[in-house]
Amino acid sequence: MIKILGISGSLRRKSFNTALLHAAVPLLDEGVELDIATLHGIPLYDADLDAQGQPQAVLDLKARVMVSDGLLLSTPEYNHGVPGVFKNAIDWLSRPPAEIPKVFGNRPVALIGATPGGFGTISAQTHWLPVLRALGTRPWFGGRLLVSGAHKVFNENGGLVDEVVRKQLRDFLHGFSQFIQIGTVSSS
């Protein structure tokens with residue numbers, strides 16, 4: 001069984017990025033499981049707070065990352081970049097620095113994103129790359145999923161209604177699952 005942790009980088013109740021992760025669940029290959037996480041409850045990073053002990057929400061998310069075989073980051077794009085709340089969560093997960101190899105080291109990571117704008121989340125996804133490199137992850141470059149016009153792709157309840165995007169998502173998930181499996185087999 002391949003376990004992927006999908007993290008939505010949006011706090012919005014009707015987030016397109018959370019909806020994209022939920023839409024992914026029935027499209028997964030057999031033998032692949034997707035656990036979906038949000039960033040609710042993670043405070044702004046503060047080294048003084050960190051010195052007192054990491055908040056439980058951070059510890060819980062870190063534990064979920066560490067038991068996953070791969071990460072699927074569903075990123076919004078704010079002002080042509082990475083949302084602060086999402087970067088903040090990753091900053092928390094990278095503390096203390098000595099734990100970075102356990103949490104992120106060589107972990108397969110893929111990026112997807114949905115936005116009402118016309119360019120998908122191409123800038124945010126590009127901005128994630130130096131962060132993922134610094135953390136020592138193994139990004140998958142075999143595909144891109146940039147959902148633009150998200151307000152037309154999802155219905156009022158967050159259901160994916162666009163068949164073209166559904167096929168793109170299914171193909172993306174298949175490719176990422178294969179990437180994880182190849183890495184898992186070669187490291188055994």
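If you read the sequence from its start, that first residue is 1, and numbering goes on from there.
- Sorted by first and then second residue, the side-chain hydrogen bond (donor to acceptor under 3.5 Å, both in side chains) pairs with a member in residues 73-84 read N17-S74, T75-W128; sequence neighbours excluded.
- Within the 4.5 Å cutoff, the side chain of L21 has heavy atoms near those of the L72 side chain.
- Remark: R64 engages D35 in a salt bridge, criterion side-chain N to carboxylate O under 4.0 Å.
- With values rounded to the nearest 0.5 angstrom, H174 atom NE2 is found 8.0 Å from D171 atom CG.
- For the atom pair OG1 of T18 and CZ of R13, the computed distance is 12.0 Å after rounding to the nearest 0.5 Å.
- Rounded to the nearest 0.5 Å, atoms CD (Q168) and CZ (R166) are 12.0 Å apart.
- Residues R138 and R107 form no side-chain contact, since every pair of their non-hydrogen atoms from C-beta on lies 4.5 Å or further apart.
- The CZ atom of F176 sits 8.0 Å away from atom CH2 of W140, with the distance rounded to the nearest 0.5 Å.
- A single hydrophobic cluster is not seen to contain both I36 and L71; linkage of ILVMFWY side chains at heavy-atom distances under 4.5 Å, directly or through other members, places them apart.
- Counting heavy atoms from C-beta outward, I4 and I2 have side chains that approach closer than 4.5 Å.
- The cluster map of Ile, Leu, Val, Met, Phe, Trp and Tyr, joined by side-chain heavy atoms under 4.5 Å apart, puts L39 and V131 in the same cluster.
- L135 places a side-chain heavy atom less than 4.5 Å from the side chain of I90.
- A donor atom on one side chain and an acceptor atom on the other are not found under 3.5 Å apart for Q52 and D48.
- Taken from OG in S10 to CZ in F86, the straight-line distance is 10.0 Å, to the nearest 0.5 Å.
- With F172 as the aromatic partner, R144 does not meet the cation-pi criteria of under 6.0 angstrom to the ring centre and within 45 degrees of the ring axis.
- L129 places a side-chain heavy atom less than 4.5 Å from the side chain of L111.
- Contact check for K87 versus H127: no side-chain heavy atoms found under the 4.5 Å cut-off.
- Two residues are said to be in side-chain contact when any heavy atoms from C-beta on lie closer than 4.5 Å; F104 and L132 fail this criterion.
- Cluster annotation: V82 is connected to L61 through the hydrophobic network of ILVMFWY side chains, with a link wherever side-chain heavy atoms come within less than 4.5 Å.
- A donor-acceptor contact shorter than 3.5 Å is absent between the side chain of K152 and the backbone of V161.
- A 4.5 Å side-chain heavy-atom check between D162 and V147 finds every atom pair outside the cut-off.
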